[in-house]
Amino acid sequence: MHNQLRGSVKINAEGRGLYKFINKIHCGHIYCFKQYVRSGVFYGEIYRHDLPKVLDFAKECGVEIKYFEHETLSKKLRKYRKRIGIGIGAAAAAAAIWYFSSIVVTIDVQGNTNVSEDVIIAALEELDIKQGTFISSIDFSYCENELRIMIEDISWAAIRRTGNRLVVEVTEIVEKPDMLHDRMPCNVVADRAAQITSTSVYDGQLMRIVGDYVMPGDMLISGVIEDSTGHVTKHHAMGVITGIYEETVVFSEEYKSSAYVPTGNTESEKYLYLFNLKIPLFIGRNDYSSAWEELYENQLEVFGKSIPVSIVRKKLTETELVEKEYTDEELEEIIMDKIYLYEKNFLADEEILSREITPEKSGNELTYTVTYTLEGEIGQQKEIFIK
């Protein structure tokens, strides 16, 4: 490695003053290694910085000399000594490596279930811990204690560093489970007007039978039971009572309404996101008063790890507010889509026996009144208050 840095030169010398030349080398304090003489030719190797002195000796002694420098690190560096760009690039790369190894690039939160990761990240930012923070400036013990104080649902927190990544481990407070009053005395009463179609009693006394019509609040299963001896006991009435009932829902849409529609004009913008810094990579600005935005992000990675540097492309589609008028067929399609979504989201647990749709047009509005005949559970528990 020493020779790689200093550089070595192989020399061949021959001539009438050969031995005088050899003596000058020895007396001139020049380190010459691997030297030997064969067939009147002197062979050896010297360090590159001694070459000018050896050439002067050869000239004085009338010796013809040939030399060849080995491929060493020193020789390669000399070739590129005038290429400033390489030096600047190497310095920039070294600076980037040092910078990204000294700052927080990613924050990994572990152990949280109920507490949102966004809440923990926001608390860390208040403690000046975020992407781009120098790791050496972080007081880990202080921040761990403060994090527990700032977030009440955290009982323990630890922050550790792995390279340029911070790992935040938390333990959440285990809440005392709610007491389930599954044995509190109660009745089961009707929550709507219906005709009973089936009964299934798990505990308590059935007060209605299949085929009966009931109104909201009517007793279905009683939690107060009296035996043949007159002894009264109170139970937590349980069971499933189903019935047939009606439900009416109204859906409306206007024939004329305002909506934003695309004009066909589009523009693209690019941004460089460097940590929390947003750098535009374009000149000028669009003059759209309203537009739809589509974002496409290309996250940069180093050795398979994402770093907080990304290129974001924003596609803007200009829109304008226009007055749109619908036909009967178009409004009918819109309302039927609403009816479908309502049934899917709110009537999924009931069986739809029939539906009756009554359309009504009034001024600028089309209204559909939908009357459903449904079959589902009609009972709800109601506590018995004991003095």
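Side-chain atoms are counted along with the backbone in the values below, which use heavy atoms only and exclude waters and symmetry mates.
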Run the side chain to side chain contact (heavy atoms under 4.5 Å, CB included) check on Asn12 and Phe42 step by step: do they pass? CA-CA 6 Å; Asn12 301 336; Phe42 172 75; over 6 Å; no
Checking ring pair (Phe, Tyr, Trp, His ring centres under 6.0 Å) for the pair Phe21/Tyr19: CA distance, chi angles, key distance, verdict? CA-CA 5 Å; Phe21 170 73; Tyr19 287 97; over 10 Å; no
Run the numbers on Ile339 and Phe251 for side chain to side chain contact (heavy atoms under 4.5 Å, CB included), then give the verdict. CA-CA 8 Å; Ile339 293 174; Phe251 303 90; 3.6 Å; yes
Verdict with reasoning, Thr263 to Glu318, per side chain to side chain donor-acceptor pair (under 3.5 Å): CA-CA 6 Å; Thr263 63; Glu318 185 184 25; 3.0 Å; yes
Evaluate side chain to side chain contact (heavy atoms under 4.5 Å, CB included) for Ile65 paired with Val54, printing each intermediate quantity in order. CA-CA 9 Å; Ile65 187 171; Val54 171; 3.8 Å; yes
Gln35 and His26: side chain to side chain donor-acceptor pair (under 3.5 Å), yes or no, with the steps? CA-CA 11 Å; Gln35 55 180 315; His26 292 166; 3.2 Å; yes
Would you please test Asp108 and Gln110 for side chain to side chain donor-acceptor pair (under 3.5 Å) and show each step? CA-CA 6 Å; Asp108 184 13; Gln110 300 177 356; 3.0 Å; yes
Could you go through the salt bridge (charged side-chain N to carboxylate O under 4.0 Å, His left out) check for Lys338 and Glu253 one step at a time? CA-CA 10 Å; Lys338 283 188 173 182; Glu253 283 292 332; 2.3 Å; yes
Test log, rule side chain to side chain contact (heavy atoms under 4.5 Å, CB included), inputs Leu124 and Ile107: CA-CA 10 Å; Leu124 291 172; Ile107 300 176; 4.0 Å; yes
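Asn364 CG to Ser257 OG: the interatomic distance, rounded to the nearest 0.5 Å, is 8.5 Å. Remark: Asp128 CG to Ser137 OG distance equals 8.0 Å, nearest 0.5 Å. Atom-to-atom distance recorded for Cys186:SG and Asp203:CG is 8.5 Å, nearest 0.5 angstrom. Arg208 contributes atom CZ, which lies 12.5 Å from atom CD1 of Ile221 (distance to the nearest 0.5 angstrom). Leu366 CG to Glu330 CD: the interatomic distance, rounded to the nearest 0.5 Å, is 12.0 Å. Annotation: the span from Thr199 atom OG1 to Ile241 atom CD1 amounts to 5.0 Å, rounded to 0.5 Å.
The minimum heavy-atom distance linking Asn112 with Val109 is given by the pair OD1-CG1, 3.6 Å. Nearest heavy-atom pair, Lys20 versus Cys61, reported as atom, atom and distance to 0.1 Å: CG-SG, 3.7 Å. Nearest heavy-atom pair, Val9 versus Arg48, reported as atom, atom and distance to 0.1 Å: CG2-CA, 3.8 Å. Taking each heavy atom of Ala13 and Val63 in turn, the nearest pair found is CB-CG1, 3.6 Å. Taking all atoms of both residues into account, the shortest heavy-atom contact from Glu254 to Leu331 is O-CD2, 3.6 Å. Heavy-atom minimum distance, Gly376 versus Glu350: CA-CG, 4.3 Å.
A heavy-atom distance below 4.5 Å is found between the side chains of Leu347 and Glu247. Within the 4.5 Å cutoff, the side chain of Leu206 has no heavy atoms near those of the Leu220 side chain. Taking the side chain as every heavy atom from C-beta outward, Ile46 and Ile11 approach each other to under 4.5 Å. A 4.5 Å side-chain heavy-atom check between Thr371 and Thr358 finds every atom pair outside the cut-off. Counting heavy atoms from C-beta outward, Ile311 and Tyr296 have side chains that stay 4.5 Å or more apart. In this structure, Val115 and Ile151 have side chains that are in contact, with non-hydrogen atoms separated by less than 4.5 Å. Side-chain contact between Val104 and Ile135: present, with at least one pair of heavy atoms (C-beta onward) separated by less than 4.5 Å. Residues Lys24 and Glu60 are in side-chain contact: their nearest non-hydrogen atoms beyond the backbone lie under 4.5 Å apart.
Between the side chains of Glu375 and Thr197, at least one donor N or O lies within less than 3.5 Å of an accepting N or O. Neither side chain, Thr266 nor Thr317, offers a donor N or O lying under 3.5 Å from an acceptor on the other. In the model, His231 has no side-chain atom that pairs as donor or acceptor with a side-chain atom of Thr233 under 3.5 Å. Side-chain N/O atoms of Glu144 and Tyr142 include no donor and acceptor closer than 3.5 Å. Using a 3.5 Å distance cut-off with no hydrogens or angles, the side chains of Thr171 and Ser155 do not pair a donor with an acceptor.
Taking the six-membered ring wherever Trp is involved, the centroid distance between the rings of Tyr245 and Tyr213 does not fall below 6.0 Å. For Tyr342 and Tyr340, the ring centers are positioned 6.0 Å apart or more.
Hydrophobic cluster membership is shared by Ile103 and Trp98, with clusters built from Ile, Leu, Val, Met, Phe, Trp and Tyr side chains linked at under 4.5 angstrom. A continuous path of ILVMFWY side-chain contacts below 4.5 Å connects Tyr326 to Met336, so both sit in one hydrophobic cluster. A continuous path of hydrophobic side-chain contacts links Phe140 to Ile121 [ILVMFWY only; heavy atoms under 4.5 Å].
Formation of a donor-acceptor pair under 3.5 Å by the Ser290 side chain with backbone atoms of Thr319 is found in this model. Proximity of a side-chain donor or acceptor of Asn187 to a complementary backbone N or O of Val189 within less than 3.5 Å is not detected. Side chain of Glu365 to backbone of Ser362: no donor-acceptor contact under 3.5 angstrom is found. Proximity of a side-chain donor or acceptor of Asp56 to a complementary backbone N or O of Lys53 within less than 3.5 Å is not detected. The main-chain N or O of Thr113 is found under 3.5 Å from a side-chain atom of Glu172 such that the two form a donor-acceptor pair. A distance-only check finds a donor-acceptor pair linking the side chain of Asn345 to the backbone of Leu341 [under 3.5 Å].
Residues Val41, Tyr43 make up the rest of the hydrophobic cluster containing Tyr36, defined by ILVMFWY side-chain heavy atoms closer than 4.5 Å, directly or through other members.
Test Ile120, Val119, Leu127 against Met150 for side chain to side chain contact (heavy atoms under 4.5 Å, CB included) and you get one pass: Leu127.
Taking the charged nitrogens against the carboxylate oxygens, Lys256 and Glu323 have no contact shorter than 4.0 Å, which rules out a salt bridge. Note on Arg355 versus Glu343: salt bridge recorded, some NZ/NE/NH1/NH2 to OD/OE distance being below 4.0 Å. A salt bridge links Glu169 with Arg160: at least one charged nitrogen is closer than 4.0 Å to a carboxylate oxygen. A salt bridge does not link Glu294 to Arg313: none of the charged side-chain nitrogens sits closer than 4.0 Å to a carboxylate oxygen.
For the side chain to side chain donor-acceptor pair (under 3.5 Å) test, residues two or more places apart in sequence or in another chain that qualify with Ser310 are Glu297.
Both tests do not hold together for Lys324 against Tyr255: distance to the six-membered ring centre under 6.0 Å, angle to the ring axis within 45°.
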